[in-house]
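Below, read A as the first sequence line, B as the second, and so on, with proteins coming before strands; counting in each chain starts at 1.
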Number of protein chains: 2
Amino acid sequence: MPDSFDTPDAARPPISRSRRNTGRTVLSDVAKLAGVSTATVSRVYNEPDKVSATVRERVEHAALALNWFPNAAGRALASTRSHIAGFIIPTLDDQVFASQVSGMQAAFAARDITLVLGCSNYDPAQAIVQVRAMLARGVEAMAIVGEAHPAELFAALQLYRVPYAVTYAYREGSQHHCIGFDNRAAYAEITEHLIGLGHRSFAVCIQPTRDNDRVQARIAGIRSALERHGLAVRPEHLLEGESTIGFGRRCLRSIWQSLGERPSALICGNDHIAFGVLREAEELGIEIPDELSVTGFDDLAIAKEIRPALTTMRVDTAEIGRLAAQHLLDALDGKRPQHGHEVHALLQVRQSTGPCLR
Amino acid sequence: MPDSFDTPDAARPPISRSRRNTGRTVLSDVAKLAGVSTATVSRVYNEPDKVSATVRERVEHAALALNWFPNAAGRALASTRSHIAGFIIPTLDDQVFASQVSGMQAAFAARDITLVLGCSNYDPAQAIVQVRAMLARGVEAMAIVGEAHPAELFAALQLYRVPYAVTYAYREGSQHHCIGFDNRAAYAEITEHLIGLGHRSFAVCIQPTRDNDRVQARIAGIRSALERHGLAVRPEHLLEGESTIGFGRRCLRSIWQSLGERPSALICGNDHIAFGVLREAEELGIEIPDELSVTGFDDLAIAKEIRPALTTMRVDTAEIGRLAAQHLLDALDGKRPQHGHEVHALLQVRQSTGPCLR
DNA sequence: TTGTAGGCGTTATCAA
DNA sequence: TTGATAACGCCTACAA
């Protein structure tokens with residue numbers, strides 16, 4: 001500064017008034033040791049090509065010697081890029097979601113983005129809290145399982161211009177970018193499979209429909225397929241409950257004990273429930289599939305091992321996670337926004353379903 | 001400032017040279033709208049008691065009106081607290097680890113700490129990379145599954161004074177704070193159970209021992225129990241492989257086909273492997289447990305449902321996650337460092353084990 | 001290719 | 001109880 005008089009600042013003693021000093025090694029220490037400016041050190045890690053080989057080497061050497069690495073908070077603040085993405089799932093206690101996380105995390109990690117997880121426990125209110133927390137963390141992109149969430153949630157994402165994707169569910173005409181499979185079509189396919197075997201009387205044991213678009217779509221798929229053939233599920237044969245073996249057992253018992261016509265086919269919301277049904281059938285002496293055909297969903301590893309082997313559907317959930325990450329990375333790269341990506345659920349016909357012998 | 005002359009700063013035109021301006025709502029906007037200083041706004045969210053009720057209300061109102069919430073990066077930088085904890089697990093594709101994450105995440109969330117996950121895929125090199133990434137993120141605490149990691153990994157944690165805990169494995173005399181169960185004792189107990197049933201010839205089908213202290217401890221537990229009774233596992237009866245149904249099947253086939261004495265008891269590294277063994281036994285016409293006793297580990301939901309029901313051990317993995325989080329929170333609160341916390345694996349004796357009929 | 005310096009959004013120190 | 005202001009660690013527009 002060319003001014004001939006001291007500025008007030010310069011007039012003060014060189015010891016600054018209050019220095020917090022965290023004691024950790026920072027970028028400027030590396031710059032000093034390497035004999036370069038802080039800008040150069042930064043470039044070595046962010047735009048390596050713009051630095052000459054010799055200088056780069058000197059800096060890397062200094063960083064190694066001081067055991068320094070860039071601080072993420074400082075980086076995020078200065079660059080307004082957090083290198084964080086978020087994923088909100090109902091729970092980790094279901095393999096179906098855990099593997100989506102797994103696939104997504106790997107894909108993001110390859111691009112140096114940290115995936116932060118939020119579990120909503122199937123509660124819309126918790127989902128909103130999680131989204132807010134992620135926005136506070138400055139997530140650059142978000143994924144969320146399913147689309148049955150408060151409008152407020154998606155509004156917040158749009159307000160802050162965070163690209164997002166809905167996973168696991170895929171629906172034509174959805175407002176959102178979906179990466180998943182068509183739950184409705186999948187259950188319509190299961191239903192058609194059974195109808196094709198001659199079944200006319202159906203029961204359904206499925207997860208709670210509340211706040212769950214996937215489950216609602218599945219039931220809609222069953223109903224639409226039945227309708228096409230002039231059929232329907234009787235109210236007392238549509239049971240909702242937790243996705244456990246125990247629920248499956250209770251379902252079959254109550255269906256078998258109730259008065260009125262017994263179904264010849266039972267569609268389950270997933271393999272766990274179906275396992276329960278098969279086990280209970282064994283104890284009640286119900287022949288599978290001759291007396292009752294049973295279907296699951298997810299194709300867990302044991303599905304093809306149990307006796308009778310379970311007819312079910314397989315979805316590549318890890319692939320869904322990977323594709324969702326890719327979709328979001330493309331969005332971050334400013335690429336054209338595809339509407340989404342549909343993967344397909346594959347029917348695995350095994351021993352638990354057979355012709356209706358009525 | 002009481003100086004009578006303009007400082008150089010004030011002399012400059014009011015338009016600063018380069019203003020980046022991210023366009024987002026920031027704390028100072030709230031301060032302006034509420035008619036208070038930035039310090040006061042900060043206090044409202046960090047030390048609410050130090051702010052009068054009226055002012056607090058005005059600030060909260062302004063924040064709501066502007067839809068503002070604190071930016072995590074700025075917060076982390078200024079406070080040198082990231083509100084982030086890290087957890088490194090081998091993989092999410094194993095329920096045993098996923099539920100630890102689940103329990104830990106819930107416990108941390110209650111204290112407003114975000115849990116960041118890292119998957120090592122059972123690779124020590126990846127584990128180190130993950131730890132470095134977490135240190136860069138400024139994790140305040142860390143957990144990691146098992147203690148078979150490069151010394152360098154723990155050294156880094158200590159160098160940066162990050163409190164950490166080892167989960168899933170608990171070992172007397174460990175250098176680290178462990179929250180888990182004693183793998184060695186658990187498998188010794190399984191072995192004693194079988195010895196008590198009269199078995200003298202054992203086979204073991206277990207996960208790869210490489211870089212895996214839990215598996216190594218399990219084998220050590222088996223050996224020590226056998227030794228106490230003057231017994232041992234023959235090398236050709238100790239098989240290592242992936243934890244899948246397929247591996248279990250291959251194991252039994254190869255053991256049954258090989259020459260020499262057949263074992264009367266088969267100890268598996270987990271329930272998946274055991275399921276495979278049971279299935280293959282069914283196909284080979286081997287009577288369980290009369291011809292062969294089989295044990296698993298984990299007590300998956302289906303373990304008690306399959307026929308014969310599987311003798312196995314149950315560990316509350318979600319509880320391990322919760323306890324580990326609590327341990328780390330205590331450390332952050334400066335509480336006395338307990339050495340760790342042992343939970344116990346519980347033997348579930350069912351139909352797949354029985355007296356040796358040789 | 002390298003350096004200078006201001007700013008990213010918040011908290012913490014000190015003074016009022 | 002409240003306000004003014006200097007950090008926190010890094011990035012980046014601009015100048016050299």
Trainee: C:dT2, D:dT12, C:dT10: which one has an atom nearest the side-chain heavy atoms of B:Leu27?
Mentor: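 So the side chain of B:Leu27 is nearest to C:dT10.
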Trainee: Roughly, in whole Å, what's the span from CZ in A:Arg43 to P in C:dG3?
Mentor: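 Answer to the nearest Å: 8 Å.
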Trainee: Nearest of C:dT11, C:dG3, D:dA4 to any side-chain atom of A:Ala39?
Mentor: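 Output: C:dG3.
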Trainee: Is there side-chain contact between B:Ile144 and B:Phe154, with at least one heavy-atom pair below 4.5 Å?
Mentor: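 Yes. Closest side-chain heavy atoms under 4.5 Å.
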Trainee: Is the distance between the ring centroids of A:His177 and A:His327 less than 6.0 Å?
Mentor: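 Yes, the ring of A:His177 comes within the 6.0 Å limit of the ring of A:His327, centre to centre.
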Trainee: Would you kindly give the CZ-to-C1' distance between B:Arg81 and C:dG9, to the nearest whole Å?
Mentor: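 To the nearest whole Å, that distance equals 18 Å.
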Trainee: How many whole angstroms separate atom CG of B:Asp29 from atom P of C:dT10?
Mentor: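 Whole-Å distance recorded here is 9 Å.
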Trainee: Has the side chain of A:Arg58 got a donor or acceptor atom that lies under 3.5 Å from a matching backbone atom of A:Ala34?
Mentor: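 Yes, A:Arg58 side chain to A:Ala34 backbone: donor-acceptor pair under 3.5 Å.
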Trainee: Return no unless some side-chain N or O of B:Thr38 is found under 4.0 Å from OP1 or OP2 of C:dT11.
Mentor: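 No, no such contact exists.
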Trainee: What is the nucleic acid contact for B:Val51, judged by heavy atoms within less than 4.0 Å: base, sugar-phosphate only, or nothing?
Mentor: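 Counting heavy atoms under 4.0 Å across all strands, the contact made by B:Val51 is with sugar-phosphate only.
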Trainee: If you draw a 6.0 Å radius around NE2 in B:His61, do more than 12 non-hydrogen atoms from other residues or ligands fall strictly inside?
Mentor: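 Not more than 12 within 6.0 Å, no.
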Trainee: Counting heavy atoms not belonging to A:Glu57, are there more than 12 under 6.0 Å from its CD?
Mentor: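 No, CD of A:Glu57 has 12 or fewer neighbouring heavy atoms, counting only those of other groups under 6.0 Å.
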Trainee: Please give, in whole Å, the distance from D:dT1 P to B:Arg56 CZ?
Mentor: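 Answer to the nearest Å: 10 Å.
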Trainee: How many Å lie between CZ on A:Phe69 and P on D:dG9, as a whole number?
Mentor: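 Going from A:Phe69 (CZ) to D:dG9 (P), I get 13 Å.
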Trainee: Name the nucleic acid region contacted by A:Ser52, choosing base, sugar-phosphate or nothing; use a 4.0 angstrom heavy-atom cut-off, strictly under.
Mentor: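 A:Ser52: backbone/sugar contact only, no base atoms under 4.0 Å.
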Trainee: Classify the nucleic acid contact of B:Val41 as base, sugar-phosphate or nothing, counting any heavy atom under 4.0 Å across all strands shown.
Mentor: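 B:Val41: no heavy atom of the nucleic acid under 4.0 Å.
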Trainee: Check whether any side-chain N or O of A:Thr40 sits under 4.0 Å from OP1 or OP2 of C:dG3, and answer yes or no.
Mentor: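 The answer is yes; a side-chain N or O of A:Thr40 sits under 4.0 Å from OP1 or OP2.
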Trainee: By the 4.0 Å heavy-atom rule, please label A:Arg24 as base, sugar-phosphate, or nothing.
Mentor: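 Sugar-phosphate, backbone atoms only, no base.
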Trainee: Does D:dC11 have OP1 or OP2 under 4.0 Å away from a side-chain N or O of A:Asn46?
Mentor: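 It does, given that an N or O in the side chain of A:Asn46 lies less than 4.0 Å from OP1 or OP2 of D:dC11.
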Trainee: Side chain of A:Val36 only, heavy atoms from C-beta on: which candidate in C:dT10, C:dG3, D:dT12 is closest?
Mentor: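 Nearest nucleotide to the side chain: C:dG3.
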Trainee: Side-chain N or O of A:Ser37 versus OP1/OP2 of C:dG3: is the shortest distance under 4.0 Å?
Mentor: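 Yes, within the criterion.
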Trainee: Measure NZ/B:Lys32 against P/D:dG3 and give the value in whole Å, please.
Mentor: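 To the nearest whole Å, that distance equals 15 Å.
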Trainee: Round to the nearest Å and state the distance from A:Lys50 atom NZ to D:dT12 atom P.
Mentor: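 So the two atoms are 10 Å apart, to the nearest Å.
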Trainee: Name the closest nucleotide to the A:Leu77 side chain, picking from C:dT10, D:dC10, C:dG9.
Mentor: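 Selected nucleotide (nearest to the side chain): C:dG9.
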Trainee: OH of B:Tyr45 versus P of C:dA12: gap in Å, rounded?
Mentor: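 My rounded result for the distance is 16 Å.
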